[in-house]
Enquirer: 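I'd like to ask some things about the structure below.
Within every chain, numbering begins at 1; the chains are lettered A, B, ... in the order of the sequence lines, protein sequences first and strands thereafter.
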Number of protein chains: 2
Amino acid sequence: MDTFKIDDVAKASGLTKRTIRYWEEIGLLMAPERSEGGMRLYTRQHLERLQQIMKARDVLGYTLQEIQEFVAIREELLNHRQTYLNVEDQEQKKQELLEMKRIVSQQIEMVDQKLETLNEFRKELDHMTTRIENGLVQLQTTPREGDSN
Amino acid sequence: MDTFKIDDVAKASGLTKRTIRYWEEIGLLMAPERSEGGMRLYTRQHLERLQQIMKARDVLGYTLQEIQEFVAIREELLNHRQTYLNVEDQEQKKQELLEMKRIVSQQIEMVDQKLETLNEFRKELDHMTTRIENGLVQLQTTPREGDSN
DNA sequence: TCAAAAGTTAACGTTGACGTTAACGTTAAA
DNA sequence: TTTAACGTTAACGTCAACGTTAACTTTTGA
């Protein structure tokens, strides 16, 4: 079969069933097809989406609302291929594209800011490692008060 | 004076007074000295600490608990200079240093993971920008159905 | 076929991270 | 000195992001 039940998805993703349903409830995960009886039937696409959301949540520390904004833009870009017809539609599409560009620019700025700070943190951690190892060496080379000399 | 009242700290940091007190309450910010009457008297060190916490919260998306762990280690390294006396103290200090090294290694791993994912995101955002701008160019060069030719 | 396993919705509970309000004490400037 | 501005603690409120439980229906394997 090409579809998964919610427990399969939960196990594959590491999320709880509640969380999966919750994310659907708030519009973060697209609602899957249902069986005759009403069971959710997920596809690979749902799994991929969940992975993306988890990455954004865990790594970027975004709220689900912020993630939703990002994912929405991304989706819009994909669905939103060549579909302009007349002058008004062109004008509208232009406005949409400009709005998307604005939001994406904002997000780039945020990501760059995060990258910068993360690199600072990384340096500090390296520094701490050095200091710890120096401390360990000190212990080796300075055994005890008046020992062996 | 070398001390600040809570409202000064709030304005300097952009946090609310409530948040500052809350962070002290959960042990994230060291409790400042008090005046005769009981008013909190902060120093520059408190301000610096608050900046660090804010960075970790906003950029790394850590919970306050996680931040506390990071900050604690850092503090320990600073306070924890050459203070070994006898063999048992040396052994204890060695264990402490090894434990700190373990935790710092963990944190480095997490930061590296975050950096990697952030760079992926950054690339994707660039890609989106390109696509949006292509869309805009398309609109310019394909004005209207059967226009001007 | 039929019970156990797994699914569903609905609703209330919980936890972290504060916001808000109340009731009161302290500082500082007029 | 006195009063407005600012500080304090204590307690309850809130919001996001789920956890948990209940009451019920659908699937499934022996």
Enquirer: So, His127(A) versus Thr130(A): side-chain donor-acceptor pair below 3.5 Å or not?
Expert: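 No donor-acceptor contact under 3.5 Å links the two side chains.
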
Enquirer: Expressed in angstrom and rounded to an integer, what is the separation of Leu15(A) atom CG from dA17(D) atom C1'?
Expert: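 Roughly 12 Å, once rounded to whole Å.
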
Enquirer: Inspect the surroundings of CD in Glu25(A) and state if more than 12 heavy atoms from other residues, nucleotides or ligands are less than 6.0 Å away.
Expert: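 Check passes, neighbour count above 12.
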
Enquirer: What are the two closest heavy atoms between Gln51(B) and Ala12(B), and how far apart are they?
Expert: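 Smallest interatomic distance, heavy atoms only, reads NE2-O, 4.3 Å.
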
Enquirer: Among Glu96(B), Lys94(B), Gln90(B), Gln95(B), which residue meets the side chain to side chain donor-acceptor pair (under 3.5 Å) test with Gln92(B)?
Expert: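 By the side chain to side chain donor-acceptor pair (under 3.5 Å) criterion, Gln92(B) pairs with just one of Glu96(B), Lys94(B), Gln90(B), Gln95(B): Glu96(B).
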
Enquirer: Assign a letter to each nucleotide of nucleotides 13-22 of chain C from its 5' end: B, base within under 4.0 Å of a protein heavy atom; S, sugar-phosphate only; -, no contact.
Expert: ----BBBB--

Enquirer: What pair of heavy atoms forms the shortest contact from Leu118(A) to Leu60(B), and how long is it?
Expert: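 Result for this residue pair: CD2-CD2, 3.0 Å.
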
Enquirer: Quick check on side chain to side chain contact (heavy atoms under 4.5 Å, CB included): which of Thr117(B), Val111(B), Leu115(B) does Gln113(B) satisfy it with?
Expert: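 Testing each of Thr117(B), Val111(B), Leu115(B) against Gln113(B), the sole residue satisfying side chain to side chain contact (heavy atoms under 4.5 Å, CB included) is Thr117(B).
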
Enquirer: Rounded to whole angstrom units, what separation is found between the NZ atom of Lys5(A) and the P atom of dT8(C)?
Expert: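 After rounding, the reported distance stands at 10 Å.
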
Enquirer: Heavy-atom contacts under 4.0 Å between residues 27-43 of chain A and DNA chain D, which residues?
Expert: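 DNA chain D contact set from residues 27-43 of chain A: Ser35(A), Gly37(A), Met39(A).
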
Enquirer: How close or far is atom P of dG19(D) from atom CD of Glu25(A), stated in whole angstroms?
Expert: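 Value for this atom pair: 13 Å.
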
Enquirer: Under 6.0 Å from the CD atom of Glu99(A), do we count more than 12 heavy atoms belonging to anything else shown?
Expert: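 Yes.
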
Enquirer: Rounded to whole Å, please give me the gap between CZ in Phe4(A) and P in dG7(C).
Expert: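 Spelled out: CZ on Phe4(A) to P on dG7(C) is 14 Å.
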
Enquirer: Provide, to the nearest angstrom, the distance between the CG atom belonging to Asp8(A) and the C1' atom belonging to dA5(C).
Expert: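 Rounding to the nearest Å, CG of Asp8(A) and C1' of dA5(C) are 13 Å apart.
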
Enquirer: In whole angstroms, how far is the P atom of dA16(D) from the CD atom of Glu66(A)?
Expert: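 Rounding to the nearest Å, CD of Glu66(A) and P of dA16(D) are 13 Å apart.
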
Enquirer: Quiz question: by atom type and distance under 3.5 Å, do the side chains of Gln65(A) and Glu69(A) form a donor-acceptor pair?
Expert: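 The criterion, which ignores hydrogens and geometry beyond distance, is not satisfied for Glu69(A) and Gln65(A).
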
